[in-house]
Amino acid sequence: MAWVDQKNGLVADTVYCDNELVAKDVAFKLPEIAFATAESQAMGAMETPLIGLVEAMEATFTKIGTDLGLVKASTPEKHNYEIRYVQNNISGDGASAPVGCKAFITGVPKGVPAVEGEVGSGSEHEIALAVYRYQLYVNGEELLCIDKLNSICRINGKDYFSEIAKHL
């Protein structure tokens, strides 16, 4: 029987904005890759993914506390964000080891989050990003790279947009 390594929880994470640490040990959400679709007629309506064309992407992360990191990460201009996180891996022999992951995101904040507070509680601010470029590495290996401005849709080493581009 084949064994699939078990990933069981994040150990730590950091968020960088333009190479400056702005958040640590926070919640984040990397972009969903949703392919554009077209409707075809085949025994009625049928939706078909247009592989290589990607819908708008969004990423979010939570910034704890109000400080210069919050302002830097939400300044309304293009930024390069890097989210580093470590997940625990358990192999078939029961050995446990950390696996490093990195997400590189180029985008623009969708706004400056509201600042809310309550005595005795920390403040949390969710920063939403309009994503133009998203590249994900796990254990040093690129899993995907979506670059909307440069027509790249590379998943598991195959660039799906290059199949389209060669006909243009």
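From a predicted model like this one, the values you see are computed outputs, not experimental measurements.
For the residue pair Asn88 and Ser96, the shortest heavy atom distance occurs at OD1-OG, 2.9 Å. For the pair Pro49 and Glu47, the tightest heavy-atom approach, listed with the atom from each and the gap, is CD-O, 4.1 Å. Between Cys17 and Lys72, the shortest heavy-atom contact is O-CE, 3.3 Å. Across all their heavy atoms, Val131 and Pro31 have their closest contact at CG2-CG, 4.0 Å. Smallest separation of non-hydrogen atoms from Glu55 and Ala36: OE2-CA, 3.3 Å. Contact between Gly52 and Phe161 at its shortest, heavy atoms only, is O-CD1, 3.6 Å.
In this structure, the separation between OG on Ser74 and NE2 on His79 is 7.5 Å, given to the nearest 0.5 Å. With values rounded to the nearest 0.5 angstrom, Ser151 atom OG is found 11.5 Å from Ile146 atom CD1. Atoms OH and CG, from Tyr132 and Asp147 in turn, are 12.0 Å apart once rounded to the nearest 0.5 Å. With values rounded to the nearest 0.5 angstrom, Lys24 atom NZ is found 11.5 Å from Ile64 atom CD1.
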List the atom pairs, donor and acceptor, that lie under 3.5 Å between side-chain atoms in residues 98-124 and the rest of the protein, sequence neighbours left out.
residue: Thr106; atom: OG1; partner: Asn80; partner atom: OD1; Å: 2.9
residue: Lys110; atom: NZ; partner: Glu58; partner atom: OE1; Å: 2.6
residue: Ser123; atom: OG; partner: His125; partner atom: NE2; Å: 3.2

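Transitive grouping of hydrophobic side chains (ILVMFWY, heavy atoms separated by less than 4.5 Å) keeps Tyr81 and Leu21 in distinct clusters. In the hydrophobic cluster analysis, where Ile, Leu, Val, Met, Phe, Trp and Tyr join through side-chain heavy atoms closer than 4.5 angstrom, Ile51 is grouped apart from Met46. Grouping the Ile, Leu, Val, Met, Phe, Trp and Tyr side chains by contacts below 4.5 angstrom, directly or via other members, places Tyr16 apart from Leu129. Hydrophobic clustering (side-chain heavy atoms under 4.5 Å, transitive across Ile, Leu, Val, Met, Phe, Trp, Tyr) groups Leu143 together with Leu30. When the side chains of ILVMFWY residues are joined at heavy-atom separations under 4.5 Å, either directly or via intervening members, Tyr85 and Tyr137 end up in two distinct hydrophobic clusters.
Side-chain contact between Val138 and Gln87: present, with at least one pair of heavy atoms (C-beta onward) separated by less than 4.5 Å. Between Met43 and Gln41 there is no side-chain heavy-atom pair separated by less than 4.5 Å. Counting heavy atoms from C-beta on, the side chains of Leu70 and Ile127 come closer than 4.5 Å.
A donor-acceptor pair under 3.5 Å is absent between the side-chain atoms of Asn150 and the main chain of Ile152, judged by distance alone. A donor-acceptor pair under 3.5 Å is formed between the side chain of Asp13 and the backbone N or O of Asp25. Side-chain atoms of Lys63 never come within 3.5 Å of backbone atoms of Gly69 as a donor-acceptor pair (strictly under, hydrogens ignored).
Counted within 6.0 Å of CD on Glu141, heavy atoms from surrounding residues, nucleotides or ligands total 12 or fewer; the atom is thus considered open. Heavy-atom neighbours of Leu68 CG from other residues, nucleotides or ligands within 6.0 Å: at or below the threshold of 12.
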Criterion ring pair (Phe, Tyr, Trp, His ring centres under 6.0 Å) on Phe35 and Tyr160, from CA distance to verdict: CA-CA 11 Å; Phe35 297 112; Tyr160 289 90; 7.3 Å; no
